[in-house]
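Below is one structure; the comments refer to it alone.
Scope of the values below: all heavy atoms of this structure, side chains included, with no hydrogens, waters or symmetry mates. Note that the coordinates shown come from a computational prediction; the quantities given were computed from them, not determined experimentally. Chain letters run A, B, ... following the sequence lines, proteins first, then strands; residues in each count from 1.
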Protein chains: 2
Amino acid sequence: MPISRRERPAKPALTREGIVDTALRLMDEGGLQRVTMRRLALALDTGPASLYVYVANTAELHAAILDRLLGQVDLAQAADEGGWRERLHTVLVSYTRLLFAHPGLAQSALVTRPAGPHYLTLVETLLALLDEGGVPAPQAAWGVDILLQSATASAAEHSSRVEDTRSDEEWRRLNRALAEASAETYPRIHAQAADLVSGTPEERTRWAIDMLVNGILATPRTR
Amino acid sequence: MPISRRERPAKPALTREGIVDTALRLMDEGGLQRVTMRRLALALDTGPASLYVYVANTAELHAAILDRLLGQVDLAQAADEGGWRERLHTVLVSYTRLLFAHPGLAQSALVTRPAGPHYLTLVETLLALLDEGGVPAPQAAWGVDILLQSATASAAEHSSRVEDTRSDEEWRRLNRALAEASAETYPRIHAQAADLVSGTPEERTRWAIDMLVNGILATPRTR
DNA sequence: ACCTGAACACCGTTCAAGT
DNA sequence: ACCTGAACACCGTTCAAGT
């Protein structure tokens with residue numbers, strides 16, 4: 001049996017793309033908290049300092065991962081996907097699902113928004129849908145911001161509970177605090193405790209999108 | 001000159017309250033990133049392990065700090081503060097300002113909500129105001145959630161730019177990406193670039209609250 | 001220009017042992 | 001019950017030196 005010329009495959013050259021690829025793989029395997037500069041470097045068979053040639057810092061790395069991921073958002077471009085409102089739902093639900101599936105990334109997206117091509121495409125698509133719905137441009141522009149922010153924040157909130165047990169305990173603690181709120185001090189919380197925590201994430205997301213669209217439609221920017 | 005019985009003041013006994021107090025002081029001096037378990041312990045003249053008798057982990061500590069801070073929210077209880085809508089503005093703007101002034105805390109609030117008395121009071125107040133505005137209880141319950149989430153997310157986003165220079169660069173990068181978006185690939189972003197980033201944080205917050213209230217009013221929970 | 005070894009300056013959390 | 005020294009298992013980022 002001939003011995004291959006090189007026992008190990010050649011170490012592939014570092015590129016920004018390759019770094020983001022490996023980061024995505026690490027994240028799929030164990031969540032964003034496993035994607036550290038040091039571990040990423042280890043997976044790429046180099047030292048952490050080498051990564052800084054291609055990536056400015058951890059925040060930028062996270063933004064790059066997210067932008068790559070945003071390529072998977074369903075932009076509802078098919079002709080038979082219904083009216084603008086329904087297609088808006090499709091896009092935003094798809095975006096939300098993506099972030100729900102990748103715990104931790106949503107949180108970093110709130111602080112450092114991706115500025116890559118996929119993010120721009122998403123914004124462009126939402127602007128087009130609101131325009132189709134007759135929303136005046138100024139309030140559409142601010143509206144898109146809040147639509148994305150709301151979806152991102154929901155995912156950040158939820159995802160943390162999936163990712164580690166500790167946050168799940170916090171969640172239970174808040175629920176208990178709501179359920180056990182004294183009827184004298186907090187009469188409305190006491191009366192509406194069930195409403196406050198009702199619904200699946202899907203139901204709440206759907207209502208939130210409807211509500212936001214209604215609000216955007218009804219609120220001109222010049223008072 | 002008589003030598004005092006003890007040269008140094010007696011080391012005060014550790015309590016949860018005292019720990020949160022000191023944490024708040026550290027945060028005022030240098031932002032949340034300066035409030036680490038180790039530094040906090042140092043400020044309290046003890047070792048980090050001692051804190052774990054009173055605080056389960058860092059997330060819980062942050063939530064406790066925020067709940068303490070929420071005691072300062074203007075609940076618009078004065079008789080002459082106008083109608084429900086205006087008072088809702090007062091409460092939410094006050095909440096937003098608080099988080100803007102304490103960079104970093106907003107971010108942690110999105111993941112671990114405080115479950116203390118001040119947070120419950122805030123929720124109770126918002127429920128009362130929406131009730132006064134004739135909003136049906138089920139959609140008020142979900143609405144309060146989004147009102148707080150939106151204010152918190154805005155603060156998280158903004159505050160990071162204040163806190164460190166790096167995020168400010170990210171912000172500029174996104175703005176440039178929007179401003180320079182190609183008219184062919186992103187026609188609407190190109191046309192609406194100015195709108196997308198226009199307005200002061202105050203103006204955007206005000207519009208967002210109006211928009212959310214309009215949406216909540218217009219969106220029943222049973223479709 | 002690209003890459004890296006080594007260092008700097010830190011983290012959160014646990015746990016056995018003390019009082 | 002409360003407290004702690006010491007350890008465990010990590011971090012991000014920088015920089016001088018190499019190729």
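Taking atom CZ of residue A:Arg39 and atom P of nucleotide D:dC11, one finds them 4 Å apart after rounding to whole Å. Put simply, CG on B:Leu14 is 6 Å from P on D:dT4, counting in whole angstrom units. Spacing between atom CG of B:Asn57 and atom C1' of C:dC11 amounts to 15 Å, rounded to whole angstrom units. Here the C1' atom of nucleotide C:dT4 and the CG atom of A:Leu42 are 14 Å apart, to the nearest Å. Distance, A:Leu40 CG to D:dC10 C1': 16 Å, rounded to whole Å. Taking atom CZ of residue B:Arg38 and atom P of nucleotide D:dA9, one finds them 15 Å apart after rounding to whole Å. As a whole-Å value, the separation of A:Glu60 CD from D:dT13 C1' is 14 Å. For the pair A:Leu51 CG and D:dG12 P, the computed distance is 10 Å after rounding to whole Å.
Heavy-atom distances to DNA chain C give each of A:Tyr54 and A:Pro48 a nearest nucleotide, and the one nearer the 5′ end belongs to A:Tyr54.
C:dT14 and D:dC3 are spaced 14 Å apart, taking the C1' atom of each and rounding to whole Å. Atom name P, nucleotides D:dA9 and C:dA9: the rounded distance is 24 Å, in whole Å. Between the C1' atoms of C:dC10 and D:dC8, the separation comes to 15 Å (whole Å).
Out of C:dC3, C:dG12, D:dG12, the shortest distance to the side chain of A:Met37 is found at D:dG12. The side chain of A:Val53 sits closest to C:dC3 out of D:dA7, C:dC3, D:dC2. Nearest nucleotide to the side chain of A:Tyr52, out of C:dC3, D:dT14, C:dA7: D:dT14. When the nucleotides C:dT4, D:dT13, D:dC2 are ranked by their closest atom to the side chain of A:Ala49, C:dT4 comes out on top.
Using a 4.0 Å heavy-atom distance criterion, B:Thr58 is classed as a sugar-phosphate-only contact.
Salt bridge status for A:Arg16 with A:Glu60: present, with a side-chain N to carboxylate O gap under 4.0 Å. Using a cutoff of 4.0 Å between basic side-chain nitrogens and carboxylate oxygens, B:Arg34 and B:Asp28 are not scored as salt-bridged.
Put simply, the side chain of B:Ser50 never gets that close to the backbone of B:Thr46: no donor and acceptor are under 3.5 Å apart.
Pairing of C:dT19, defined by two Watson-Crick or G-U wobble distances under 3.5 Å, is identified with D:dA1. Base pairing of C:dT14: its partner is D:dA6, meeting the Watson-Crick or G-U wobble criterion (both donor-acceptor distances under 3.5 Å).
Taking the ring axis of A:Trp207 as reference, the NZ or CZ atom of B:Arg221 does not stay both within 45° of it and closer than 6.0 Å to the ring centre.
Separation of atoms CG (B:Leu105) and NE2 (B:His102) is listed at 8.0 Å; rounding is to 0.5 Å.
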